[in-house]
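First up is the structure itself, then whatever we jot down about it.
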Amino acid sequence: SFWFGAAALFLSYLQETSVLPPERYPSLEETWPALGAFRCWMQEQRGIQDSTLDTYQAILIDLLASLGTDPTAYTAAAVRAATNSEDVLARVLAETGVALKVLSGVDESRLTFLAVRRWYGWSPGRIINIDIGGGSLELSSGVDEEPEVALSLPLGAGRLTREWLQDDPPGRRRVAMLRDWLSTEMADAGARVLEAGAPDLTVATSKTFRSLARLTGAAPSGAGPRVKRTLTASGLRQLIAFISRMTTADRAELEGVSA
């Protein structure tokens, strides 16, 4: 009423004349500490610009409130599997005018294979492509631009880490259990890929493989995209034995690995 209005005006006067310090409201990053970390992660790992993040800030806050505060949980597979993905897409359209579409896991596998084929051309013959993301694993095989086999499995690196390896560093027994479980989960998919034919070239895409190759001695990104980089099974086994005993913070300090 009148007295509340008069009090508010008096406080404003005192602040304007520096008798009282100006009222300060906490920033969104202070209210939501994870929002600042998420923005940094999106910029560093996904190349998202500040202007884009500002546009979707209100939606990001809702996502953090409903899906949690771990930035690595926000993967393409997580969006595909979300029960409210249609509601989120409708809100994006209403607030920004952008009609987003969700690519299926199989289509993602197909398109990644197409990119690999266009890069290497026709001379390699049959290509098997393996792509490990945060939430899913894509496998494909073919001799043409369209793969004969294209699969997507919910076996991404981030997903498996969250669901299986909560300890930091993970225990050896837990790592062994995950390895055995993965062998069973991938048996049918592996058989389907190999039944299509023996590969003339096996290509590993995604940042996960790039980091693994770098840690086993492959050239750094600064050497350019045309430098041949190879990841061997023996080198990978030795690397796993080493890094599986390290904490997340220690692994992030390794060259070629992002926090």
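Since we're looking at a predicted model, the values are computed, not measured.
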In the structure I gave you, are the side-chain heavy atoms of [X] and [Y] within less than 4.5 Å of one another anywhere?
{"X": "Thr202", "Y": "Ile130", "answer": "yes"}
{"X": "Asp87", "Y": "Leu89", "answer": "no"}
{"X": "Tyr120", "Y": "Val116", "answer": "yes"}
{"X": "Val203", "Y": "Asp131", "answer": "no"}
{"X": "Leu100", "Y": "Leu93", "answer": "no"}
{"X": "Ser206", "Y": "Arg210", "answer": "no"}

Do side-chain atoms of [X] reach the backbone of [Y] as a donor and acceptor pair under 3.5 angstrom?
{"X": "Arg251", "Y": "Met246", "result": "yes"}
{"X": "Arg117", "Y": "Gly121", "result": "yes"}
{"X": "Asn129", "Y": "Ser140", "result": "no"}
{"X": "Arg126", "Y": "Ala196", "result": "yes"}

Fill in: Worked verdict on Arg118 versus Phe113 for side-chain contact (heavy atoms from CB on, under 4.5 Å)
CA-CA 9 Å; Arg118 291 292 179 88; Phe113 182 89; over 6 Å; no

Report yes or no: do [X] and [Y] belong to one cluster of Ile/Leu/Val/Met/Phe/Trp/Tyr joined by side chain heavy-atom distances under 4.5 Å?
{"X": "Met186", "Y": "Ile240", "answer": "yes"}
{"X": "Val193", "Y": "Ile127", "answer": "no"}
{"X": "Leu155", "Y": "Trp164", "answer": "yes"}
{"X": "Trp119", "Y": "Leu139", "answer": "no"}
{"X": "Val102", "Y": "Val106", "answer": "no"}

Which heavy atom of [X] sits nearest to which heavy atom of [Y], and what is that distance?
{"X": "Arg229", "Y": "Pro220", "answer": "NH2-O, 2.7 Å"}
{"X": "Ala219", "Y": "Val227", "answer": "CB-CG1, 3.7 Å"}
{"X": "Glu163", "Y": "Arg174", "answer": "O-NH2, 3.9 Å"}
{"X": "Trp181", "Y": "Leu160", "answer": "CZ3-CD2, 3.8 Å"}
{"X": "Gly235", "Y": "Thr216", "answer": "O-CG2, 3.6 Å"}
{"X": "Ser136", "Y": "Glu108", "answer": "OG-OE1, 4.5 Å"}

Looking just at side-chain N and O atoms, do [X] and [Y] make a donor-acceptor pair shorter than 3.5 Å?
{"X": "Ser183", "Y": "Asp180", "value": "no"}
{"X": "Asp168", "Y": "Thr247", "value": "no"}
{"X": "Ser152", "Y": "Glu138", "value": "yes"}

Discussion item. Looking at Asp188, I'd like to know if its CG atom is crowded, meaning that more than 12 non-hydrogen atoms belonging to other residues, nucleotides or ligands lie closer than 6.0 Å.
Written reply: no

Rounded to the nearest 0.5 Å, what's the gap from [atom1] on [X] to [atom2] on [Y]? Could you check?
{"X": "Ile243", "Y": "Ser211", "atom1": "CD1", "atom2": "OG", "value": "9.5 Å"}
{"X": "Arg159", "Y": "Leu137", "atom1": "CZ", "atom2": "CG", "value": "11.0 Å"}
{"X": "Leu201", "Y": "Ser123", "atom1": "CG", "atom2": "OG", "value": "9.0 Å"}

Practice prompt. Any chance you could lay out the side-chain contact (heavy atoms from CB on, under 4.5 Å) test for Leu111 and Leu103, step after step, and finish with the verdict?
Written response: CA-CA 10 Å; Leu111 292 175; Leu103 197 67; 3.9 Å; yes

